[in-house]
Amino acid sequence: MTFKSHMARALAEARAAADRGEVPVGAVVVSPAGEVVAAAGNRTRELNDPTAHAEVLAIRAACEAAGSERLVGHDLYVTLEPCPMCASVISQARIARLYYGAADPKSGGVAQGPRVFSHPQSHHVPEIYDGIAADEAEALLKAFFGERR
């Protein structure tokens, strides 16, 4: 099977989140067959739910579609380095590969901060590919926060 990036779809979800007044982060879950099974953008403000990050929402929807709490063989594309909470959810869901865009020096949990996947308590570690469309993802975030400062 030929590799196909789904970051463009994640970026579209991030732009839609920004249009709703949410921090522009988008996520897409892709099945082992290469099909998008779930996509989401942040909805923490809309849902009054601090756990409603794009990754969590997309993983919840993919698990519902799969009828399982595990997404073995699935890939996750997200526009921003996952926070520690989302990294833990990624591990618990057994995501095979994580592709993310911009690094998050302030709140990241993968390559920054607590580096969740490096802890012995992390039951599963996905393959990690960073910097995918990082410039575009970073530009979305900078524009969003620039308008609010």
> Which side chain to side chain donor-acceptor pair (under 3.5 Å) pairs, counting each pair once, include a residue from residues 70-82, with sequence neighbours left out?
Replying inline: D75-R97
> With a 4.5 Å heavy-atom cut-off, do E127 and L98 have their side chains touching?
Replying inline: no
>> Suppose we screen for ring-ring contact (aromatic ring centres under 6.0 Å, His included). Which residues come up paired with Y100, at least two apart in sequence or across chains?
In response: none
>> Restricting to side-chain hydrogen bond (donor to acceptor under 3.5 Å, both in side chains), what partner residues turn up for R9, sequence neighbours left out?
In response: none
>> Minimum heavy-atom separation for G26 and A14, please, with both atom names.
In response: N-CB, 3.5 Å
>> Listing request: all ring-ring contact (aromatic ring centres under 6.0 Å, His included) pairs with a residue in residues 27-57, at least two apart in sequence or in separate chains.
In response: none
>> Applying side-chain contact (heavy atoms from CB on, under 4.5 Å) to L140 and L11, what does each step give before you reach the verdict?
In response: CA-CA 9 Å; L140 277 172; L11 286 162; 3.8 Å; yes
Show me, pair by pair, the donor-acceptor contacts under 3.5 angstrom made by side chains of residues 106-116, not counting sequence neighbours?
{"residue": "R115", "atom": "NE", "partner": "A111", "partner atom": "O", "Å": "3.1"}
{"residue": "R115", "atom": "NH2", "partner": "A111", "partner atom": "O", "Å": "3.0"}

> Taking only residues two or more places apart in sequence, or in another chain, which ones meet E138 in a side-chain hydrogen bond (donor to acceptor under 3.5 Å, both in side chains)?
Replying inline: K142
> So which pairs with a foot in residues 126-149 pass ring-ring contact (aromatic ring centres under 6.0 Å, His included), sequence neighbours left out?
Replying inline: Y99-Y129
>> Are there over 12 heavy-atom neighbours, none belonging to D19, within less than 6.0 Å of that residue's CG?
In response: yes
>> If you compare all heavy atoms of P32 against all heavy atoms of G73, which two are closest, and at what distance to 0.1 Å?
In response: CG-O, 3.5 Å
Which pairs would a plain distance check flag for residues 38-48, meaning a side-chain donor or acceptor within less than 3.5 Å of a matching protein atom at least two apart in sequence or in another chain?
{"residue": "N42", "atom": "OD1", "partner": "A54", "partner atom": "N", "Å": "2.8"}
{"residue": "N42", "atom": "ND2", "partner": "V23", "partner atom": "O", "Å": "3.1"}
{"residue": "R43", "atom": "NH1", "partner": "E46", "partner atom": "OE1", "Å": "2.4"}
{"residue": "R43", "atom": "NH1", "partner": "E46", "partner atom": "OE2", "Å": "3.1"}
{"residue": "T44", "atom": "OG1", "partner": "E22", "partner atom": "OE1", "Å": "3.3"}
{"residue": "R45", "atom": "NH1", "partner": "G21", "partner atom": "O", "Å": "2.8"}

> Excluding sequence neighbours, so at least two apart, what forms side-chain hydrogen bond (donor to acceptor under 3.5 Å, both in side chains) with D130?
Replying inline: none
>> I need the full list of salt bridge (charged side-chain N to carboxylate O under 4.0 Å, His left out) pairs touching residues 30-41, with sequence neighbours left out, sorted by first then second residue.
In response: none
> Does the side chain of L141 reach to within under 4.5 Å of the side chain of L80, using non-hydrogen atoms?
Replying inline: yes
> Are V25 and E55 close enough that some pair of their side-chain heavy atoms sits under 4.5 Å apart?
Replying inline: yes
>> Looking at every heavy atom in both M7 and V78, which two are closest together, and how far apart are they?
In response: CE-O, 3.4 Å
Solution key, residues 84-95 side-chain donor-acceptor pairs under 3.5 Å, sequence neighbours excluded:
{"residue": "S91", "atom": "OG", "partner": "S122", "partner atom": "OG", "Å": "3.4"}
{"residue": "S91", "atom": "OG", "partner": "H124", "partner atom": "N", "Å": "3.2"}
{"residue": "S91", "atom": "OG", "partner": "H124", "partner atom": "O", "Å": "2.8"}
{"residue": "R94", "atom": "NH1", "partner": "S91", "partner atom": "O", "Å": "3.3"}
{"residue": "R94", "atom": "NH1", "partner": "Q92", "partner atom": "O", "Å": "3.1"}

> Less than 4.5 Å apart, any side-chain heavy atom of I132 and any of S5?
Replying inline: yes
>> Among residues at least two apart in sequence or on other chains, which ones pass side chain to side chain contact (heavy atoms under 4.5 Å, CB included) with E69?
In response: none
> Is the shortest heavy-atom distance from the side chain of R15 to the side chain of E136 under 4.5 Å?
Replying inline: yes
> Which atoms form the tightest heavy-atom contact between A27 and L76, and what is the distance?
Replying inline: CB-CD1, 4.1 Å
>> Less than 4.5 Å apart, side chain to side chain, heavy atoms only: is that true for L71 and I59?
In response: yes
